Amino acid sequence: MQSLNRNGVSITQTPGEEKFVKYRSGAFKGRTFYQYDFRHTDGELFSTVAKTLAECRHRRNEWIAKKEQNNNP
C-alpha cells in the first residue's frame with residue numbers, strides 16, 4: 001500500500017497541498033477507503049480516512065470553516 005507518511009511524518013508539506021491514497025482495508029472486510037492529508041496555508045496538517053474522496057474533502061472544508069470562525073470571533 002502506498003503511504004502518505006515517511007518515517008511517521010506526513011509527506012504533504014507544501015501549504016495548500018492535498019494528497020490522498022485509496023486502499024483496501026483487511027480489517028473491514030476488504031472495503032475501500034481513502035487516506036487524505038491536507039496542509040493548510042498556515043502549516044497545520046488535516047488528516048482523515050473516509051469511504052469516499054468527496055467525504056474527505058467535505059470534512060476538510062468543515063475543518064477549514066471552523067478554523068476561520070475561531071480566528072475571526
Side-chain angles (χ1 to χ4, degrees):
M1 177 179 101
Q2 189 179 7
S3 177
L4 295 179
N5 299 301
R6 192 167 294 127
N7 296 325
V9 178
S10 175
I11 61 172
T12 309
Q13 295 296 317
T14 305
E17 178 181 34
E18 73 171 0
K19 290 189 179 182
F20 58 90
V21 292
K22 184 177 176 180
Y23 70 95
R24 287 190 172 280
S25 172
F28 295 99
K29 299 180 183 176
R31 291 186 184 147
T32 300
F33 289 92
Y34 287 83
Q35 179 184 359
Y36 180 91
D37 282 2
F38 172 77
R39 180 72 61 180
H40 193 277
T41 54
D42 68 5
E44 189 173 354
L45 180 68
F46 171 79
S47 186
T48 192
V49 173
K51 291 181 181 179
T52 66
L53 183 56
E55 178 62 24
C56 292
R57 288 178 173 152
H58 177 75
R59 291 177 187 179
R60 176 206 58 200
N61 293 342
E62 288 180 336
W63 176 77
I64 290 171
K66 186 176 179 180
K67 279 179 69 70
E68 290 173 353
Q69 184 180 24
N70 289 340
N71 289 337
N72 299 316

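Note that the coordinates shown come from a computational prediction; the quantities given were computed from them, not determined experimentally.
Every ring pair (Phe, Tyr, Trp, His ring centres under 6.0 Å) that His40 has, sequence neighbours left out, goes to Trp63. Residues meeting the side chain to side chain donor-acceptor pair (under 3.5 Å) test with Lys67, sequence neighbours left out: Asp42, Glu44. Remark: Glu18 pairs with Tyr36, Arg57, Arg60 by the side chain to side chain donor-acceptor pair (under 3.5 Å) rule, at least two apart or across chains.
Taking 4.0 Å as the cut-off between side-chain N and carboxylate O, Glu55 and Arg59 count as a salt-bridged pair.
One finds the CZ atom of Phe38 at 13.5 Å from the NZ atom of Lys19 (value rounded to the nearest 0.5 Å). Expressed to the nearest 0.5 Å, how far NZ of Lys51 lies from OH of Tyr34 amounts to 13.5 Å. Rounded to the nearest 0.5 angstrom, Thr41 OG1 and Glu17 CD are separated by 13.0 Å. Distance check, rounded to the nearest 0.5 Å: CG of Asp37 to CZ of Phe20 gives 11.5 Å. Taken to the nearest 0.5 Å, the CZ atom of Phe33 stands 10.5 Å off from the SG atom of Cys56.
The cluster map of Ile, Leu, Val, Met, Phe, Trp and Tyr, joined by side-chain heavy atoms under 4.5 Å apart, puts Val21 and Leu45 in different clusters.
Listed here is the closest heavy atom pair of Arg39 and Thr14: CB-O, 3.5 Å.
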